[in-house]
2 protein chains.
Amino acid sequence: MRASDRAYATLLEDIQRGSLPPGAVVAELEQAERLGISRTPMREAIGRLLADGLVRQQSPRVMVVADFDADDIRELFEARRALEERAARIAAERGERAVFAALAADFAAAHPESCELAADEYYALIARFDAAVDAAVGNRYLTGALRTVRAHLARARGLARDNHARLRASVAEHTLIAEAIAAGDPELAAHATHVHLHRALAAILTSIADPAGSATSIPEGPQ
Amino acid sequence: MRASDRAYATLLEDIQRGSLPPGAVVAELEQAERLGISRTPMREAIGRLLADGLVRQQSPRVMVVADFDADDIRELFEARRALEERAARIAAERGERAVFAALAADFAAAHPESCELAADEYYALIARFDAAVDAAVGNRYLTGALRTVRAHLARARGLARDNHARLRASVAEHTLIAEAIAAGDPELAAHATHVHLHRALAAILTSIADPAGSATSIPEGPQ
DNA sequence: TTTCGCGTTAATGTATACGCTAGTGATGGC
DNA sequence: GCCATCACTAGCGTATACATTAACGCGAAA
């Protein structure tokens, strides 16, 4: 693996996990020394993050991690609707039905009960579903745009802390989408995706507005 | 302006105009010497083209210009439909109506009669329209995806030679889209965009299948 | 005290040197 | 005569040195 690829993967994860928060300065030399590589591959990695929109140049000489507030999340989900609804529609039209029938069964069998483990399991299942949709769509332009959008979406996971009820609801929503694709029903697949994105956005915005979590409805605790 | 920016702009235009045809090898040193710069900025430029999907790595060591055949164009227009129909819809919902009323008037006033001049004028008008839609949408994720799609779309202009009748029809289609946005009619804007993209794709595919052009309906002449 | 301007400094932009890998050709063995 | 292996070469990946520029601080003047 190339040093620039490792640098890109590391910085991407740092931004997605929030250890490089919005507004943090991304300096070539500083990051290169942190990863034990030279400026050249680090420069390439930062350039890729810039193309992704995860980093922006605040001034001609200083790069910072891109902002990611509630308005950004609304914009992101607007783009997701355009891309994922269409992708779901196309997958229902020409996807391998057996693949999505199997995924629907996996979703139906998934029961996120415990806290940490279930969330990881859930995200892995989502990743498999996304990959299946990409393969069914078979359109490099659509999947390329979706790849960028998903890179930004991963940042939202750090903001909206895992909510058990929401996780279960999301699994149910994905079950319906997968079933619709397996049934070759483009309209249902698109509309179920729309519903899912609507609810996911609402959950994230609520989680941001109410950082205390869902355990208590009264936001009185610290942090 | 940075050397890497000039290199990117130059290579982008070379690929879009077809002077670097699909499959052509893009070697760092060769291109760097051609533009009189060193490998470092040229490497950055090629990396950006790789992220755009205009260049792909054929093997671990050799980069080539990405293919662009009829199937690619169909995929590209599928992505365009997802993005531009949604963009037109959003622009109709929250765009500045006066801006699009003025654009509609400009489209209505445009009459591509002469050959070369009219085509450039037409493309400039389209670019203004695209910029207005981007501004009205105000969504960096959507406009970013559209930017990439448009970079690929420009390659189709070289394949489908300028067709007067098609140019006039396209102007009329854009007039309707602009009018729909100016009237605040999202449904009409989206459907008019759908119709426009359908006809544009059909025209390009016809032009490719019938390289003799539209002057004679019998494809018998050379080139 | 505040603002403007200049100088210093540090980080970016570019060039180039070095190491490595893969691709290609030739040679030898089967 | 054909295939396999080795050596050579050319181009990429990385490191580093040099040039350039912008950012920051200090000082002077209003």
Side-chain angles (χ1 to χ4, degrees), chain A residues 1-15 19-68 140 144 147-148 151, chain B residues 1-15 19-68 140 144 147-148 151:
Chain A
M1 197 185 211
R2 299 184 307 179
S4 60
D5 291 334
R6 280 186 288 111
Y8 175 75
T10 304
L11 260 63
L12 177 63
E13 192 175 330
D14 287 343
I15 292 173
S19 47
L20 276 176
V25 173
V26 182
E28 286 179 14
L29 194 60
E30 174 192 350
Q31 296 298 324
E33 286 177 347
R34 185 167 72 94
L35 298 187
I37 60 177
S38 81
R39 281 180 54 213
T40 306
M42 177 53 69
R43 185 179 176 75
E44 185 173 322
I46 294 174
R48 286 168 68 181
L49 292 168
L50 190 70
D52 289 339
L54 289 163
V55 160
R56 67 182 175 85
Q57 45 182 345
Q58 192 173 49
S59 69
R61 290 287 268 273
V62 55
M63 302 283 207
V64 297
V65 176
D67 294 331
F68 198 63
R140 80 193 69 177
R147 184 200 144 276
T148 303
Chain B
M1 195 186 210
R2 299 185 307 181
S4 61
D5 291 334
R6 281 187 287 112
Y8 175 76
T10 303
L11 259 63
L12 177 62
E13 191 175 329
D14 286 344
I15 293 172
S19 48
L20 276 176
V25 174
V26 182
E28 285 179 15
L29 194 61
E30 174 193 350
Q31 296 297 325
E33 287 178 345
R34 184 166 73 92
L35 298 187
I37 60 177
S38 82
R39 281 181 54 214
T40 305
M42 176 54 69
R43 184 181 176 74
E44 184 173 323
I46 293 173
R48 287 168 68 181
L49 293 168
L50 190 71
D52 290 338
L54 288 163
V55 160
R56 67 183 177 84
Q57 45 182 345
Q58 192 174 49
S59 70
R61 291 289 267 274
V62 54
M63 301 283 206
V64 297
V65 176
D67 294 331
F68 199 64
R140 79 193 69 178
R147 184 202 144 276
T148 304

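Lettering follows sequence order; numbering is per chain, from 1.
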Legend entry - Distance-only donor-acceptor test (3.5 Å): side chain S4(B), base dT14(C): no
Inset, instruction - State the CE-CG distance between M42(A) and L29(A), to the nearest 0.5 angstrom. - result: 10.0 Å
[X] [atom1] - [N] [atom2] separation (whole Å):
X      : N       : atom1 : atom2 : value
Q31(A) : dT12(C) : CD    : C1'   : 15 Å
E28(B) : dG13(D) : CD    : P     : 6 Å
Q58(A) : dT12(C) : CD    : C1'   : 16 Å
D5(A)  : dT14(D) : CG    : C1'   : 13 Å
L50(A) : dG13(C) : CG    : P     : 10 Å
E44(A) : dA15(D) : CD    : C1'   : 14 Å
R2(B)  : dA15(C) : CZ    : C1'   : 16 Å
E33(A) : dA15(D) : CD    : C1'   : 13 Å

Inset, instruction - Report yes if a side-chain nitrogen or oxygen of R43(B) is closer than 4.0 Å to either non-bridging phosphate oxygen (OP1 or OP2) of dG13(D); otherwise report no. - result: yes
Legend entry - Short side-chain N/O contact to dA15(C) OP1/OP2 from S38(B), under 4.0 Å: yes
Of all heavy-atom pairs between [X] and [Y], which one has the smallest distance, and what is that distance?
X      : Y      : result
L35(A) : L11(A) : CD1-CD1, 4.2 Å
Q31(B) : L20(B) : NE2-CD2, 4.4 Å
L50(A) : Q57(A) : CD1-N, 4.0 Å

Within the sub-3.5 Å range, which N or O atoms of nucleotides 20-26 of chain D have a protein N or O partner, and how far apart are they?
from: dT21(D); atom 1: O4'; to: R61(A); atom 2: NH1; distance (Å): 3.4
from: dT21(D); atom 1: O2; to: R61(A); atom 2: NH1; distance (Å): 3.1
from: dT21(D); atom 1: O2; to: R61(A); atom 2: NH2; distance (Å): 2.8
from: dA22(D); atom 1: O4'; to: R61(A); atom 2: NH1; distance (Å): 3.4
from: dA23(D); atom 1: OP1; to: S59(A); atom 2: OG; distance (Å): 2.8

Legend entry - Intermediate values then yes/no, salt bridge (Lys or Arg N to Asp or Glu O under 4.0 Å), R34(A) and D14(A): CA-CA 12 Å; R34(A) 185 167 72 94; D14(A) 287 343; 2.8 Å; yes
Legend entry - Nearest-neighbour nucleotide for the R39(A) side chain, dA15(D), dA17(D), dC12(D) considered: dA17(D)
Inset, instruction - Please figure out whether V26(B) or T40(B) has its closest DNA chain D nucleotide nearer the 5' end. - result: V26(B)
Legend entry - Derivation and outcome, side-chain contact (heavy atoms from CB on, under 4.5 Å), residues T40(A) and T40(B): CA-CA 8 Å; T40(A) 306; T40(B) 305; 5.5 Å; no
Inset, instruction - Might you work through the side-chain contact (heavy atoms from CB on, under 4.5 Å) test for D5(B) and R48(B), ending with a clear yes or no? - result: CA-CA 10 Å; D5(B) 291 334; R48(B) 287 168 68 181; 3.0 Å; yes
